[in-house]
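Hydrogens, waters and symmetry mates are skipped; everything else that's a heavy atom, side chains included, is used.
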There are 2 protein chains.
Amino acid sequence: MTQAESKEGNDSLLGKNAASARTPHKRDAEATQKRILSSAKHEFAMSGLAGARVDVIAEKAEANKRMIYHYFGSKEALFTKVLEEAYSDLYEAERKLKLDHLEPRVALERFVRFTWTYYLENPDFITLVNSENLHKGVHLGSSGVLKSVSRNRLHMLENLLARGQKSGVFRKGIDAMQLHISIAALGYYYLTNRYTGSIVFRCDLMAPEMLEKRIEFNVESILRIVGA
Amino acid sequence: MTQAESKEGNDSLLGKNAASARTPHKRDAEATQKRILSSAKHEFAMSGLAGARVDVIAEKAEANKRMIYHYFGSKEALFTKVLEEAYSDLYEAERKLKLDHLEPRVALERFVRFTWTYYLENPDFITLVNSENLHKGVHLGSSGVLKSVSRNRLHMLENLLARGQKSGVFRKGIDAMQLHISIAALGYYYLTNRYTGSIVFRCDLMAPEMLEKRIEFNVESILRIVGA
DNA sequence: GCTTTAGGTAAATATCTTGTTACTTAGAGG
DNA sequence: CCTCTAAGTAACAAGATATTTACCTAAAGC
(Lines give C-alpha, C1' and ligand atoms only; values in the text may rest on other atoms or scores of the structure.)
Protein backbone atom coordinates (compact mmCIF):
# COMPACT_ATOMS: atom_id res chain seq x y z
CA MET A 1 0.00 0.00 0.00
CA THR A 2 1.79 3.04 -1.27
CA GLN A 3 -0.06 6.01 -0.01
CA ALA A 4 -3.35 5.15 -1.53
CA GLU A 5 -5.36 6.45 1.36
CA SER A 6 -4.62 10.00 2.13
CA LYS A 7 -6.98 10.74 4.93
CA GLU A 8 -10.50 9.53 4.67
CA GLY A 9 -9.50 6.08 3.48
CA ASN A 10 -12.38 4.15 4.99
CA ASP A 11 -11.76 1.10 2.88
CA SER A 12 -12.43 -2.53 3.37
CA LEU A 13 -14.37 -2.44 6.61
CA LEU A 14 -17.34 -3.58 4.60
CA GLY A 15 -16.94 -6.26 2.10
CA LYS A 16 -18.38 -4.42 -0.83
CA ASN A 17 -16.64 -4.42 -4.07
CA ALA A 18 -16.82 -1.35 -6.18
CA ALA A 19 -16.19 2.29 -5.92
CA SER A 20 -19.26 3.46 -4.08
CA ALA A 21 -17.93 2.04 -0.88
CA ARG A 22 -14.64 3.81 -1.29
CA THR A 23 -15.90 7.24 -2.16
CA PRO A 24 -16.57 9.00 1.09
CA HIS A 25 -19.91 10.68 0.98
CA LYS A 26 -20.04 14.39 0.63
CA ARG A 27 -21.50 15.97 3.73
CA ASP A 28 -25.20 15.93 3.10
CA ALA A 29 -27.54 15.60 6.03
CA GLU A 30 -30.58 14.84 3.93
CA ALA A 31 -28.89 12.19 1.85
CA THR A 32 -27.47 10.50 4.92
CA GLN A 33 -30.86 10.38 6.57
CA LYS A 34 -32.32 8.89 3.45
CA ARG A 35 -29.65 6.22 3.29
CA ILE A 36 -30.20 5.38 6.94
CA LEU A 37 -33.96 5.19 6.49
CA SER A 38 -33.65 2.98 3.47
CA SER A 39 -31.18 0.69 5.15
CA ALA A 40 -33.26 0.57 8.31
CA LYS A 41 -36.37 -0.27 6.37
CA HIS A 42 -34.62 -3.18 4.80
CA GLU A 43 -33.10 -4.47 8.02
CA PHE A 44 -36.25 -4.08 10.09
CA ALA A 45 -38.25 -5.76 7.38
CA MET A 46 -35.78 -8.60 7.19
CA SER A 47 -35.20 -9.22 10.89
CA GLY A 48 -37.90 -7.41 12.81
CA LEU A 49 -37.37 -4.75 15.44
CA ALA A 50 -35.59 -7.02 17.91
CA GLY A 51 -33.61 -8.91 15.30
CA ALA A 52 -32.31 -5.92 13.38
CA ARG A 53 -28.91 -4.60 14.39
CA VAL A 54 -28.06 -0.95 14.62
CA ASP A 55 -24.50 -1.70 13.51
CA VAL A 56 -25.72 -3.39 10.38
CA ILE A 57 -28.15 -0.60 9.58
CA ALA A 58 -25.35 1.93 9.85
CA GLU A 59 -22.95 -0.16 7.82
CA LYS A 60 -25.42 -0.81 5.00
CA ALA A 61 -26.32 2.87 4.97
CA GLU A 62 -22.63 3.65 4.54
CA ALA A 63 -23.09 5.86 7.54
CA ASN A 64 -22.00 5.87 11.12
CA LYS A 65 -23.98 4.53 14.05
CA ARG A 66 -23.61 7.91 15.67
CA MET A 67 -25.61 9.48 12.85
CA ILE A 68 -28.54 7.20 13.56
CA TYR A 69 -28.75 8.48 17.09
CA HIS A 70 -28.07 12.00 15.94
CA TYR A 71 -30.89 12.05 13.42
CA PHE A 72 -33.39 9.64 14.90
CA GLY A 73 -32.69 9.39 18.59
CA SER A 74 -33.03 5.68 19.13
CA LYS A 75 -33.53 2.37 17.42
CA GLU A 76 -37.23 2.43 18.24
CA ALA A 77 -37.70 5.97 17.00
CA LEU A 78 -36.02 4.94 13.77
CA PHE A 79 -38.38 2.00 13.53
CA THR A 80 -41.32 4.33 14.01
CA LYS A 81 -40.08 6.59 11.23
CA VAL A 82 -39.65 3.63 8.92
CA LEU A 83 -43.20 2.51 9.62
CA GLU A 84 -44.64 5.95 9.02
CA GLU A 85 -42.86 6.13 5.70
CA ALA A 86 -44.06 2.69 4.69
CA TYR A 87 -47.67 3.63 5.30
CA SER A 88 -47.28 6.99 3.62
CA ASP A 89 -45.84 5.31 0.55
CA LEU A 90 -48.75 2.91 0.30
CA TYR A 91 -51.31 5.64 0.73
CA GLU A 92 -49.52 7.78 -1.81
CA ALA A 93 -49.63 4.98 -4.33
CA GLU A 94 -53.30 4.39 -3.58
CA ARG A 95 -54.08 8.02 -4.08
CA LYS A 96 -52.62 7.88 -7.55
CA LEU A 97 -55.21 5.34 -8.58
CA LYS A 98 -57.92 7.20 -10.38
CA LEU A 99 -60.91 4.96 -10.15
CA ASP A 100 -63.72 7.48 -10.05
CA HIS A 101 -64.42 7.53 -13.74
CA LEU A 102 -64.35 3.77 -14.21
CA GLU A 103 -67.30 1.44 -14.24
CA PRO A 104 -67.62 0.20 -10.62
CA ARG A 105 -66.77 -3.43 -11.28
CA VAL A 106 -63.76 -2.45 -13.37
CA ALA A 107 -62.66 0.00 -10.71
CA LEU A 108 -62.98 -2.58 -7.96
CA GLU A 109 -61.05 -5.14 -9.94
CA ARG A 110 -58.34 -2.60 -10.52
CA PHE A 111 -58.16 -1.89 -6.82
CA VAL A 112 -57.86 -5.59 -5.99
CA ARG A 113 -55.06 -5.98 -8.51
CA PHE A 114 -53.34 -2.86 -7.27
CA THR A 115 -53.37 -4.11 -3.68
CA TRP A 116 -51.96 -7.46 -4.69
CA THR A 117 -49.25 -5.96 -6.84
CA TYR A 118 -48.27 -3.48 -4.18
CA TYR A 119 -47.72 -6.25 -1.64
CA LEU A 120 -45.88 -8.31 -4.18
CA GLU A 121 -43.55 -5.50 -5.15
CA ASN A 122 -43.11 -4.15 -1.63
CA PRO A 123 -42.57 -7.19 0.55
CA ASP A 124 -40.97 -4.99 3.18
CA PHE A 125 -44.31 -3.39 3.86
CA ILE A 126 -45.80 -6.67 4.97
CA THR A 127 -43.05 -7.66 7.36
CA LEU A 128 -42.90 -4.18 8.84
CA VAL A 129 -46.61 -4.26 9.55
CA ASN A 130 -46.24 -7.72 11.04
CA SER A 131 -43.46 -6.49 13.29
CA GLU A 132 -45.51 -3.54 14.45
CA ASN A 133 -48.42 -5.81 15.29
CA LEU A 134 -46.11 -8.09 17.23
CA HIS A 135 -45.40 -4.97 19.26
CA LYS A 136 -49.10 -4.27 19.63
CA GLY A 137 -48.99 -1.15 17.50
CA VAL A 138 -47.26 0.98 20.11
CA HIS A 139 -45.09 2.81 17.60
CA LEU A 140 -47.85 3.79 15.22
CA GLY A 141 -50.18 4.35 18.14
CA SER A 142 -48.08 7.21 19.42
CA SER A 143 -47.37 8.54 15.95
CA GLY A 144 -49.50 11.43 14.80
CA VAL A 145 -48.36 10.85 11.26
CA LEU A 146 -50.33 7.70 10.56
CA LYS A 147 -53.41 9.06 12.21
CA SER A 148 -53.46 12.12 10.00
CA VAL A 149 -52.48 10.20 6.90
CA SER A 150 -55.10 7.49 7.24
CA ARG A 151 -58.04 9.80 7.57
CA ASN A 152 -60.77 9.05 5.06
CA ARG A 153 -59.11 5.76 4.38
CA LEU A 154 -62.39 4.23 3.25
CA HIS A 155 -63.67 7.16 1.26
CA MET A 156 -62.71 5.83 -2.13
CA LEU A 157 -64.17 2.40 -1.54
CA GLU A 158 -67.37 3.83 -0.08
CA ASN A 159 -67.85 5.94 -3.20
CA LEU A 160 -67.20 2.94 -5.37
CA LEU A 161 -69.70 0.82 -3.49
CA ALA A 162 -72.33 3.55 -3.64
CA ARG A 163 -71.90 3.91 -7.39
CA GLY A 164 -72.11 0.18 -7.93
CA GLN A 165 -75.18 -0.16 -5.76
CA LYS A 166 -76.89 2.66 -7.58
CA SER A 167 -76.27 1.08 -10.95
CA GLY A 168 -77.32 -2.29 -9.61
CA VAL A 169 -74.06 -4.17 -10.17
CA PHE A 170 -73.25 -4.39 -6.44
CA ARG A 171 -75.60 -5.62 -3.79
CA LYS A 172 -76.72 -3.39 -0.96
CA GLY A 173 -75.48 -3.41 2.60
CA ILE A 174 -71.81 -4.06 1.99
CA ASP A 175 -69.60 -2.68 4.74
CA ALA A 176 -66.72 -0.79 3.14
CA MET A 177 -64.33 -1.55 5.97
CA GLN A 178 -65.04 -5.26 5.90
CA LEU A 179 -64.55 -5.27 2.16
CA HIS A 180 -61.35 -3.26 2.37
CA ILE A 181 -59.97 -5.65 4.96
CA SER A 182 -60.97 -8.61 2.84
CA ILE A 183 -59.28 -7.29 -0.28
CA ALA A 184 -56.09 -6.81 1.68
CA ALA A 185 -56.48 -10.13 3.49
CA LEU A 186 -56.73 -12.32 0.39
CA GLY A 187 -53.42 -11.00 -0.89
CA TYR A 188 -51.57 -10.29 2.32
CA TYR A 189 -52.13 -13.65 3.94
CA TYR A 190 -50.99 -15.56 0.89
CA LEU A 191 -47.80 -13.53 0.62
CA THR A 192 -46.87 -13.11 4.27
CA ASN A 193 -47.21 -16.84 4.83
CA ARG A 194 -45.56 -17.85 1.61
CA TYR A 195 -42.84 -19.88 3.34
CA THR A 196 -44.96 -21.92 5.73
CA GLY A 197 -47.66 -22.08 3.07
CA SER A 198 -45.28 -23.58 0.55
CA ILE A 199 -44.29 -26.23 3.09
CA VAL A 200 -47.81 -27.06 4.22
CA PHE A 201 -49.21 -27.26 0.70
CA ARG A 202 -46.08 -28.78 -0.82
CA CYS A 203 -45.79 -26.38 -3.68
CA ASP A 204 -44.01 -23.15 -4.48
CA LEU A 205 -46.55 -20.46 -3.74
CA MET A 206 -44.23 -17.89 -5.32
CA ALA A 207 -43.95 -19.59 -8.68
CA PRO A 208 -45.21 -17.22 -11.38
CA GLU A 209 -48.09 -19.45 -12.41
CA MET A 210 -49.17 -19.82 -8.78
CA LEU A 211 -49.12 -16.05 -8.28
CA GLU A 212 -51.17 -15.71 -11.41
CA LYS A 213 -53.73 -18.19 -10.16
CA ARG A 214 -53.94 -16.46 -6.84
CA ILE A 215 -54.63 -12.96 -8.12
CA GLU A 216 -57.26 -14.27 -10.51
CA PHE A 217 -58.92 -16.15 -7.68
CA ASN A 218 -58.87 -13.03 -5.54
CA VAL A 219 -60.40 -10.85 -8.22
CA GLU A 220 -63.19 -13.33 -8.82
CA SER A 221 -63.75 -13.78 -5.09
CA ILE A 222 -64.11 -10.07 -4.38
CA LEU A 223 -66.45 -9.59 -7.33
CA ARG A 224 -68.59 -12.45 -6.08
CA ILE A 225 -68.65 -10.98 -2.59
CA VAL A 226 -70.02 -7.68 -3.81
CA GLY A 227 -72.08 -9.05 -6.69
CA ALA A 228 -75.74 -8.12 -6.85
CA MET B 1 -42.74 -28.14 52.34
CA THR B 2 -44.93 -30.71 54.00
CA GLN B 3 -45.70 -33.26 51.35
CA ALA B 4 -48.51 -31.51 49.60
CA GLU B 5 -47.64 -32.80 46.19
CA SER B 6 -47.37 -36.54 45.90
CA LYS B 7 -45.15 -36.87 42.88
CA GLU B 8 -46.36 -35.36 39.66
CA GLY B 9 -47.21 -32.11 41.39
CA ASN B 10 -46.87 -29.93 38.34
CA ASP B 11 -48.85 -27.01 39.59
CA SER B 12 -50.30 -24.34 37.44
CA LEU B 13 -48.19 -24.46 34.31
CA LEU B 14 -47.90 -20.72 34.08
CA GLY B 15 -49.68 -17.87 35.73
CA LYS B 16 -48.67 -18.81 39.21
CA ASN B 17 -48.56 -16.30 41.93
CA ALA B 18 -47.86 -17.44 45.39
CA ALA B 19 -46.58 -20.66 46.77
CA SER B 20 -46.17 -22.69 43.63
CA ALA B 21 -43.27 -20.55 42.53
CA ARG B 22 -41.43 -21.33 45.72
CA THR B 23 -42.03 -25.03 45.96
CA PRO B 24 -39.19 -26.74 44.18
CA HIS B 25 -40.52 -29.11 41.60
CA LYS B 26 -40.29 -32.77 42.12
CA ARG B 27 -37.88 -34.32 39.67
CA ASP B 28 -39.92 -35.08 36.61
CA ALA B 29 -38.29 -34.85 33.22
CA GLU B 30 -41.53 -34.94 31.28
CA ALA B 31 -43.26 -32.29 33.36
CA THR B 32 -40.25 -30.00 33.13
CA GLN B 33 -40.16 -30.32 29.38
CA LYS B 34 -43.83 -29.51 29.21
CA ARG B 35 -43.42 -26.43 31.36
CA ILE B 36 -40.51 -25.27 29.21
CA LEU B 37 -42.46 -25.82 26.01
CA SER B 38 -45.46 -23.98 27.32
CA SER B 39 -43.39 -21.09 28.56
CA ALA B 40 -41.39 -20.96 25.33
CA LYS B 41 -44.54 -20.95 23.24
CA HIS B 42 -45.78 -17.97 25.15
CA GLU B 43 -42.52 -16.05 25.02
CA PHE B 44 -41.84 -16.76 21.35
CA ALA B 45 -45.39 -15.80 20.49
CA MET B 46 -45.08 -12.60 22.45
CA SER B 47 -41.63 -11.46 21.35
CA GLY B 48 -40.65 -13.47 18.31
CA LEU B 49 -37.59 -15.67 18.00
CA ALA B 50 -35.07 -12.86 18.29
CA GLY B 51 -36.97 -10.95 20.94
CA ALA B 52 -37.63 -13.86 23.27
CA ARG B 53 -35.11 -14.44 26.06
CA VAL B 54 -33.92 -17.84 27.13
CA ASP B 55 -33.62 -16.63 30.70
CA VAL B 56 -37.22 -15.52 30.76
CA ILE B 57 -38.42 -18.76 29.24
CA ALA B 58 -36.60 -20.71 31.94
CA GLU B 59 -37.83 -18.48 34.70
CA LYS B 60 -41.46 -18.60 33.62
CA ALA B 61 -41.19 -22.35 33.24
CA GLU B 62 -39.94 -22.52 36.81
CA ALA B 63 -37.00 -24.36 35.40
CA ASN B 64 -33.34 -23.73 34.87
CA LYS B 65 -31.77 -22.46 31.68
CA ARG B 66 -29.56 -25.46 31.73
CA MET B 67 -32.59 -27.70 31.34
CA ILE B 68 -33.57 -25.93 28.14
CA TYR B 69 -30.25 -26.79 26.58
CA HIS B 70 -30.33 -30.23 28.10
CA TYR B 71 -33.72 -31.11 26.67
CA PHE B 72 -33.86 -29.05 23.50
CA GLY B 73 -30.30 -28.25 22.53
CA SER B 74 -30.63 -24.61 21.55
CA LYS B 75 -32.97 -21.69 21.44
CA GLU B 76 -33.71 -22.34 17.78
CA ALA B 77 -34.36 -26.02 18.31
CA LEU B 78 -36.79 -25.08 21.05
CA PHE B 79 -38.48 -22.68 18.68
CA THR B 80 -38.77 -25.44 16.12
CA LYS B 81 -40.37 -27.74 18.67
CA VAL B 82 -42.83 -25.02 19.68
CA LEU B 83 -43.80 -24.52 16.06
CA GLU B 84 -44.27 -28.20 15.43
CA GLU B 85 -46.52 -28.45 18.43
CA ALA B 86 -48.54 -25.42 17.37
CA TYR B 87 -49.25 -26.93 13.97
CA SER B 88 -50.00 -30.34 15.43
CA ASP B 89 -52.49 -28.79 17.80
CA LEU B 90 -54.31 -27.02 15.00
CA TYR B 91 -54.43 -30.11 12.83
CA GLU B 92 -55.62 -32.18 15.76
CA ALA B 93 -58.45 -29.75 16.38
CA GLU B 94 -59.32 -29.78 12.68
CA ARG B 95 -59.41 -33.52 12.62
CA LYS B 96 -61.99 -33.52 15.35
CA LEU B 97 -64.39 -31.64 13.13
CA LYS B 98 -66.74 -34.19 11.66
CA LEU B 99 -68.10 -32.50 8.60
CA ASP B 100 -68.64 -35.45 6.31
CA HIS B 101 -72.24 -36.08 7.23
CA LEU B 102 -73.33 -32.44 7.04
CA GLU B 103 -74.94 -30.70 4.12
CA PRO B 104 -72.02 -29.13 2.17
CA ARG B 105 -72.97 -25.52 2.79
CA VAL B 106 -73.48 -26.16 6.48
CA ALA B 107 -70.22 -28.04 6.67
CA LEU B 108 -68.34 -25.26 4.92
CA GLU B 109 -69.84 -22.63 7.19
CA ARG B 110 -68.84 -24.69 10.18
CA PHE B 111 -65.29 -24.90 8.89
CA VAL B 112 -65.12 -21.14 8.37
CA ARG B 113 -66.36 -20.55 11.90
CA PHE B 114 -63.99 -23.12 13.31
CA THR B 115 -60.99 -21.49 11.63
CA TRP B 116 -61.97 -18.07 12.94
CA THR B 117 -62.57 -19.30 16.45
CA TYR B 118 -59.32 -21.21 16.53
CA TYR B 119 -57.34 -18.12 15.63
CA LEU B 120 -59.29 -16.07 18.11
CA GLU B 121 -58.72 -18.50 20.95
CA ASN B 122 -55.12 -19.32 20.05
CA PRO B 123 -53.51 -16.00 19.26
CA ASP B 124 -50.10 -17.55 19.88
CA PHE B 125 -50.51 -19.63 16.77
CA ILE B 126 -50.71 -16.57 14.58
CA THR B 127 -47.65 -14.82 15.93
CA LEU B 128 -45.63 -18.02 15.87
CA VAL B 129 -46.45 -18.54 12.22
CA ASN B 130 -45.60 -14.92 11.52
CA SER B 131 -42.25 -15.34 13.21
CA GLU B 132 -41.49 -18.46 11.25
CA ASN B 133 -42.29 -16.68 8.00
CA LEU B 134 -40.05 -13.80 9.00
CA HIS B 135 -37.37 -16.48 9.15
CA LYS B 136 -38.37 -17.79 5.76
CA GLY B 137 -39.66 -21.07 7.09
CA VAL B 138 -36.24 -22.52 7.83
CA HIS B 139 -37.31 -24.21 11.05
CA LEU B 140 -40.36 -25.94 9.66
CA GLY B 141 -38.54 -26.57 6.42
CA SER B 142 -36.05 -28.82 8.13
CA SER B 143 -38.64 -30.41 10.35
CA GLY B 144 -39.98 -33.74 9.24
CA VAL B 145 -42.83 -33.40 11.70
CA LEU B 146 -44.80 -30.76 9.85
CA LYS B 147 -44.28 -32.46 6.55
CA SER B 148 -45.73 -35.71 7.78
CA VAL B 149 -48.49 -34.04 9.74
CA SER B 150 -49.72 -31.84 6.92
CA ARG B 151 -50.13 -34.61 4.40
CA ASN B 152 -53.58 -34.66 2.88
CA ARG B 153 -54.17 -31.24 4.28
CA LEU B 154 -56.75 -30.49 1.60
CA HIS B 155 -58.50 -33.80 1.63
CA MET B 156 -61.44 -32.72 3.76
CA LEU B 157 -62.09 -29.58 1.77
CA GLU B 158 -61.77 -31.37 -1.55
CA ASN B 159 -64.38 -33.88 -0.44
CA LEU B 160 -66.63 -31.12 0.69
CA LEU B 161 -66.31 -29.27 -2.59
CA ALA B 162 -66.97 -32.43 -4.58
CA ARG B 163 -70.11 -33.17 -2.61
CA GLY B 164 -71.37 -29.63 -3.00
CA GLN B 165 -70.67 -29.58 -6.71
CA LYS B 166 -72.46 -32.88 -7.17
CA SER B 167 -75.54 -31.61 -5.39
CA GLY B 168 -75.36 -28.35 -7.29
CA VAL B 169 -74.94 -25.99 -4.35
CA PHE B 170 -71.31 -25.20 -5.20
CA ARG B 171 -70.07 -24.10 -8.56
CA LYS B 172 -67.56 -26.16 -10.48
CA GLY B 173 -63.87 -25.48 -10.83
CA ILE B 174 -63.09 -24.26 -7.35
CA ASP B 175 -59.49 -24.86 -6.32
CA ALA B 176 -59.47 -26.37 -2.83
CA MET B 177 -56.12 -24.86 -1.94
CA GLN B 178 -57.15 -21.36 -3.00
CA LEU B 179 -60.33 -21.72 -1.01
CA HIS B 180 -58.52 -23.06 2.03
CA ILE B 181 -56.08 -20.18 1.91
CA SER B 182 -58.93 -17.71 1.55
CA ILE B 183 -60.83 -19.06 4.52
CA ALA B 184 -57.74 -18.71 6.64
CA ALA B 185 -56.87 -15.33 5.14
CA LEU B 186 -60.15 -13.60 5.95
CA GLY B 187 -59.77 -14.43 9.62
CA TYR B 188 -56.02 -14.43 10.05
CA TYR B 189 -55.39 -11.04 8.46
CA TYR B 190 -58.04 -9.33 10.54
CA LEU B 191 -56.66 -10.77 13.77
CA THR B 192 -52.93 -10.57 13.13
CA ASN B 193 -53.25 -6.92 12.15
CA ARG B 194 -55.69 -6.01 14.86
CA TYR B 195 -53.43 -3.35 16.35
CA THR B 196 -52.49 -1.45 13.20
CA GLY B 197 -55.97 -2.10 11.85
CA SER B 198 -57.59 -0.50 14.87
CA ILE B 199 -55.40 2.56 14.40
CA VAL B 200 -55.93 2.87 10.66
CA PHE B 201 -59.67 2.38 10.82
CA ARG B 202 -60.09 4.26 14.10
CA CYS B 203 -62.12 1.62 15.84
CA ASP B 204 -61.54 -1.30 18.15
CA LEU B 205 -61.37 -4.29 15.88
CA MET B 206 -61.43 -6.57 18.91
CA ALA B 207 -64.67 -5.24 20.37
CA PRO B 208 -67.15 -8.13 20.64
CA GLU B 209 -69.62 -6.59 18.19
CA MET B 210 -66.84 -6.01 15.68
CA LEU B 211 -65.68 -9.59 15.96
CA GLU B 212 -69.24 -10.70 15.47
CA LYS B 213 -69.57 -8.60 12.34
CA ARG B 214 -66.34 -9.94 10.97
CA ILE B 215 -67.12 -13.62 11.29
CA GLU B 216 -70.55 -13.10 9.77
CA PHE B 217 -69.01 -11.24 6.87
CA ASN B 218 -66.47 -14.01 6.39
CA VAL B 219 -69.10 -16.74 6.38
CA GLU B 220 -71.18 -14.90 3.82
CA SER B 221 -68.11 -14.14 1.70
CA ILE B 222 -66.95 -17.71 1.53
CA LEU B 223 -70.41 -18.99 0.71
CA ARG B 224 -70.65 -16.44 -2.08
CA ILE B 225 -67.26 -17.46 -3.42
CA VAL B 226 -68.30 -21.08 -3.76
CA GLY B 227 -71.95 -20.47 -4.58
CA ALA B 228 -73.33 -22.05 -7.71
C1' DG C 1 -8.86 33.72 4.81
C1' DC C 2 -11.14 32.94 9.25
C1' DT C 3 -14.56 31.28 12.28
C1' DT C 4 -18.20 28.52 13.46
C1' DT C 5 -21.14 24.83 13.20
C1' DA C 6 -23.03 20.91 11.75
C1' DG C 7 -21.87 16.46 9.44
C1' DG C 8 -19.06 12.80 10.33
C1' DT C 9 -15.74 9.08 12.59
C1' DA C 10 -13.82 5.80 15.89
C1' DA C 11 -13.54 3.96 20.14
C1' DA C 12 -15.32 3.14 24.68
C1' DT C 13 -18.95 1.64 27.93
C1' DA C 14 -22.17 -0.71 30.36
C1' DT C 15 -25.31 -4.06 29.93
C1' DC C 16 -27.28 -8.23 27.91
C1' DT C 17 -27.50 -12.79 26.14
C1' DT C 18 -26.61 -17.43 24.71
C1' DG C 19 -24.54 -21.32 25.89
C1' DT C 20 -21.33 -24.01 29.18
C1' DT C 21 -19.15 -25.83 33.21
C1' DA C 22 -18.77 -27.47 37.70
C1' DC C 23 -21.33 -28.97 41.09
C1' DT C 24 -25.48 -30.91 44.02
C1' DT C 25 -28.97 -34.23 45.09
C1' DA C 26 -33.35 -37.01 44.58
C1' DG C 27 -34.59 -41.37 44.16
C1' DA C 28 -34.74 -45.99 41.57
C1' DG C 29 -32.64 -50.57 41.68
C1' DG C 30 -29.98 -53.72 44.01
C1' DC D 1 -28.58 -49.04 53.29
C1' DC D 2 -25.67 -48.06 49.19
C1' DT D 3 -24.69 -46.78 44.60
C1' DC D 4 -25.30 -44.62 40.45
C1' DT D 5 -27.83 -42.14 37.12
C1' DA D 6 -30.21 -38.41 35.65
C1' DA D 7 -32.69 -34.09 37.24
C1' DG D 8 -31.58 -29.92 38.82
C1' DT D 9 -28.88 -25.46 40.38
C1' DA D 10 -25.85 -21.55 40.18
C1' DA D 11 -22.29 -19.08 38.49
C1' DC D 12 -19.40 -17.99 34.68
C1' DA D 13 -17.30 -17.10 29.91
C1' DA D 14 -17.33 -15.12 25.59
C1' DG D 15 -19.24 -12.39 22.55
C1' DA D 16 -22.98 -9.12 21.16
C1' DT D 17 -25.41 -4.91 21.40
C1' DA D 18 -27.51 -0.20 22.08
C1' DT D 19 -26.01 4.03 23.25
C1' DT D 20 -22.44 7.68 24.43
C1' DT D 21 -18.28 10.23 24.46
C1' DA D 22 -14.50 12.56 22.62
C1' DC D 23 -12.87 14.04 18.75
C1' DC D 24 -12.22 15.58 13.69
C1' DT D 25 -13.15 18.37 9.53
C1' DA D 26 -15.81 20.09 5.41
C1' DA D 27 -17.88 23.90 4.07
C1' DA D 28 -21.16 27.88 4.75
C1' DG D 29 -21.26 32.71 6.07
C1' DC D 30 -18.74 36.64 6.88
Side-chain angles (χ1 to χ4, degrees), chain A residues 5-14 21-37 39-40 43-44 46-82 135 139, chain B residues 1-11 20-37 39-40 43-44 46-82:
Chain A
E5 7 190 10
S6 51
K7 58 170 32 147
E8 75 292 26
N10 63 341
D11 30 76
S12 44
L13 267 200
L14 336 174
R22 306 214 119 283
T23 43
H25 288 103
K26 281 280 169 64
R27 296 195 166 191
D28 185 335
E30 205 184 331
T32 301
Q33 289 173 54
K34 269 189 189 159
R35 287 201 316 280
I36 290 173
L37 269 175
S39 167
E43 289 303 308
F44 284 136
M46 206 164 83
S47 312
L49 173 52
R53 298 291 162 236
V54 175
D55 293 282
V56 176
I57 292 172
E59 188 181 317
K60 294 230 174 115
E62 292 174 30
N64 191 283
K65 238 189 327 180
R66 163 78 168 70
M67 292 291 96
I68 290 177
Y69 290 93
H70 182 60
Y71 289 126
F72 300 97
S74 71
K75 187 185 180 185
E76 289 213 25
L78 177 59
F79 181 72
T80 302
K81 200 87 204 318
V82 165
H135 292 280
H139 306 93
Chain B
M1 191 243 292
T2 54
Q3 37 59 275
E5 4 190 12
S6 52
K7 64 160 27 131
E8 78 290 26
N10 63 337
D11 21 79
S20 85
R22 305 216 120 286
T23 41
H25 287 103
K26 283 280 168 61
R27 294 193 169 194
D28 185 334
E30 204 185 333
T32 301
Q33 288 174 53
K34 270 188 189 159
R35 287 200 315 280
I36 290 173
L37 268 175
S39 167
E43 289 303 308
F44 284 137
M46 206 164 84
S47 313
L49 173 53
R53 297 291 163 238
V54 175
D55 292 288
V56 177
I57 292 172
E59 189 182 317
K60 293 228 175 120
E62 292 174 30
N64 191 282
K65 223 182 353 169
R66 165 78 169 70
M67 293 291 95
I68 290 178
Y69 290 93
H70 181 61
Y71 289 126
F72 300 97
S74 71
K75 186 185 179 185
E76 289 213 23
L78 177 59
F79 181 72
T80 302
K81 200 87 203 319
V82 165

Would you check if Phe72(B) and Met67(B) make a side-chain contact, meaning some heavy-atom pair closer than 4.5 Å? no

Between Thr32(A) (side chain only) and Asp28(A) (backbone N and O only), is there a donor and an acceptor less than 3.5 Å apart? yes

Main chain of Ala52(B), side chain of Lys75(B): is a donor-acceptor contact present, judged purely on distance under 3.5 Å? yes

Electrostatic pair Lys60(B)-Glu43(B), nearest N-O below 4.0 angstrom: yes

Less than 4.5 Å apart, any side-chain heavy atom of Leu78(B) and any of Ile57(B)? yes

What about Lys65(B), does its side chain sit under 3.5 Å from the base of dG19(C) through a donor-acceptor pair? yes

Separation of Phe72(A) atom CZ from dT19(D) atom C1', in whole Å? 16 Å

So Leu49(A) and His139(A), do their side chains get closer than 4.5 Å, heavy atoms only? yes

Donor-acceptor contact below 3.5 Å, side chain Arg35(B) vs main chain Glu62(B): yes

Taking every heavy atom of Ser74(B) against every heavy atom of Ala77(B), the minimum-distance pair comes out as OG-N, 3.1 Å

To the nearest angstrom, how far is Lys75(B) atom NZ from dT20(C) atom P? 14 Å

Rounded to whole Å, CD of Glu30(A) lies from P of dG8(C) at a distance of 12 Å

Could you go over nucleotides 4-7 of chain D and give all protein N or O partners under 3.5 Å, atom names and distances?
| residue | atom | partner | partner atom | Å |
| --- | --- | --- | --- | --- |
| dA7(D) | OP2 | His70(B) | NE2 | 3.4 |
| dA7(D) | N3 | Arg27(B) | NH1 | 3.2 |
| dA7(D) | N3 | Arg27(B) | NH2 | 3.0 |

Rounded distance (Å) that lies between atom P of dA13(D) and atom CZ of Arg66(B): 18 Å

Take the protein atom CD1 of Ile36(A) and the nucleotide atom C1' of dT9(C), then report the distance between them rounded to whole Å. 13 Å

Residues in contact with DNA chain D, drawn from residues 49-56 of chain A - heavy-atom cutoff 4.0 Å: Ala52(A), Arg53(A), Val54(A), Asp55(A)

Euclidean distance, atom CD of residue Glu59(A) to atom P of dA16(D) [Å, nearest integer]: 14 Å

Integer-rounded Å distance: dC24(D) C1' and Asn64(A) CG: 12 Å

Out of dA10(C), dA10(D), dG19(C), minimum distance to the side chain of Tyr69(B) belongs to dG19(C)

Rounded to the Å, how far apart are Ile68(A) CD1 and dT20(D) P? 13 Å

Backbone N/O of Ala50(B) and side chain of Arg53(B): donor-acceptor pair under 3.5 Å: yes

